[in-house]
Amino acid sequence: MATLRRGMPSSRVLFVLSLALGAVLPAAAQTSSERPRTVAGVCGATNWACVAECIDAECVDKCLREDCENALAKLKACTEKAGCAPDDTQCSKRTCGGTCQRSFEPAPPSPEKERADPCQGVQAAKPPEELVGLWTLSAASLPEEESGGPERIEAQPRADYARTLQVMPNGCFVLRTALEEATLGQGNKLVVRAWGTLEVSDKDKLTLRTRDGQAVGPVCGDKRVIPLSRKKLKFRGGTYRWDLEKEVLTLMVDDATKQTFQFDRTPQEEGKK
């Protein structure tokens, strides 16, 4: 693991996340061009927009606990009771279709289409050449525990996900989180994407200004494209101190928490956006 420079806290405890790059899934069916009304107690666009801005697992956990945890627990209990085999991709839809539909926001057909290349046409300042490429999250600093507060040993409901940051030569970036069946229930997968522009200032400071996002993948037997920036679903963006050493990119949140993330440079498949 690279030594953190430029004042970054090398003594902070880091944990390895054992992540793998998740492929963007195709989507033939679309959701409403306007964000579906959030229904309390189910997983929906508000959760996915929250996930889109996360880097660490604790953040994803928090996003999925908001109204979503109980719904996912019910879906998991249904598939377990039905005895669905891990390799049976239709069992969940066949035996727990109703439970699955009640676990997620309704997604009526709409003109929303997948943005295959969200960085196409983006006009921004060119980033430093060494930042350009695909980066896979490999480690993150543990969040500080409040004095006397409960220590969470096992994350719920998240069980696994993959996180990548892609920086394009035109200054556009794409953040991707792959939510797998272990998180969303058997037969459900989403790749949550947020994209925008990357701005570098003061040599060691960068800001991610998110403009838009989508969640793409099969949910309850139907392939979906869920928009994440309608109306009140606005992205916060973030500013980080950055350092690059031996193909390891380190980002430290530029605030009092100084939470730190490390990304490994990853060979990119030709043609992948």
Side-chain angles (χ1 to χ4, degrees), residues 1-8 10 14 16-25 51-57 59-60 114-141 161-178 191-216 228-229 235-255 258-273:
M1 187 171 295
T3 301
L4 306 184
R5 299 180 295 170
R6 295 177 182 166
M8 292 188 179
S10 59
L14 297 178
V16 178
L17 297 178
S18 300
L19 301 176
L21 175 61
V24 175
L25 302 172
V51 168
E53 289 202 308
C54 288
I55 294 181
D56 62 298
C59 177
V60 174
E114 180 182 359
R115 291 282 297 274
D117 183 4
C119 286
Q120 185 176 9
V122 172
Q123 298 294 326
K126 291 185 178 181
E129 186 176 349
E130 62 266 31
L131 280 177
V132 174
L134 182 65
W135 304 90
T136 299
L137 183 66
S138 58
S141 61
Y161 71 95
R163 190 62 162 158
T164 62
L165 168 65
Q166 184 178 8
V167 179
M168 305 297 289
N170 66 348
C172 176
F173 76 88
V174 183
L175 278 168
R176 293 183 179 88
T177 300
V191 174
V192 181
R193 300 183 299 162
W195 58 82
T197 57
L198 182 150
E199 300 176 6
V200 176
S201 61
D202 299 334
K203 295 184 179 180
D204 67 345
K205 185 182 295 186
L206 64 83
T207 301
L208 302 179
R209 300 194 183 280
T210 311
R211 294 182 175 181
D212 210 341
Q214 290 180 331
V216 182
L228 302 183
S229 59
F235 295 104
R236 300 181 304 273
T239 300
Y240 306 86
R241 298 282 179 178
W242 69 278
D243 179 65
L244 181 61
E245 183 178 355
K246 296 182 179 179
E247 302 302 284
V248 175
L249 173 65
T250 300
L251 299 182
M252 184 180 73
V253 182
D254 193 25
D255 63 13
K258 299 188 183 301
Q259 190 169 12
T260 305
F261 310 101
Q262 288 188 344
F263 294 80
D264 295 335
R265 188 183 292 278
T266 306
Q268 186 175 353
E269 297 177 19
E270 187 174 353
K272 182 177 178 57
K273 302 295 185 183

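Any value given below was found using the heavy atoms of this structure, including those in side chains, with hydrogens, waters and symmetry copies removed. Numbering starts at 1 and runs along the sequence shown.
Between M168 and C119, the shortest heavy-atom contact is CG-SG, 3.6 Å. Of all heavy-atom pairs between K126 and P169, the closest is CG-O, 3.6 Å. When all heavy atoms of R211 and Q123 are compared, the pair lying nearest together is NH2-O, 4.3 Å. Across every non-hydrogen atom of L131 and V167, the tightest pair is O-CB, 3.4 Å. Pairing each heavy atom of L251 with each of F263, the nearest pair is CD1-CE1, 3.9 Å. Here the closest heavy-atom approach between residue W135 and residue E247 is recorded as CZ3-O, 3.7 Å.
In this structure, the side chains of Y240 and D254 stay at 4.5 Å or more apart for every pair of heavy atoms. A heavy-atom distance below 4.5 Å is not found between the side chains of Q166 and W195. Taking 4.5 Å as the limit, some side-chain heavy atom of P128 sits within range of a side-chain heavy atom of V200. Here the side chains of T210 and F173 are in contact, with some heavy-atom distance below 4.5 Å.
Under a 3.5 Å cut-off, the side chain of T136 and the backbone N or O of L134 do not form any donor-acceptor pair. Under the 3.5 Å distance criterion, the side-chain polar atoms of R193 are matched with a main-chain donor or acceptor of R115. Judged by distance alone, with hydrogens and angles left aside, the side-chain atoms of T177 form no donor-acceptor pair with the main-chain N or O of V192 at under 3.5 Å.
More than 12 non-hydrogen atoms from other residues, nucleotides or ligands lie less than 6.0 angstrom from CD of E130.
Residue M252 holds its CE atom at 6.0 Å from OG1 of T260, rounded to the nearest 0.5 Å. Note that the CZ atom of F261 and the OG1 atom of T250 stand 11.5 Å from one another [nearest 0.5 Å]. Taking CG of D243 as the start and CD of Q262 as the end, the distance is 9.0 Å to the nearest 0.5 Å.
By the side-chain hydrogen bond (donor to acceptor under 3.5 Å, both in side chains) test, E199 is found to be paired with R209, residues two or more places apart in sequence or in another chain being considered.
Side-chain atoms of T239 and T207 include a donor-acceptor pair closer than 3.5 Å.
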Next item on the list: Check the pair L137, T164 against side chain to side chain contact (heavy atoms under 4.5 Å, CB included), reporting the backbone distance first and the verdict last.
Entry: CA-CA 6 Å; L137 183 66; T164 62; over 6 Å; no
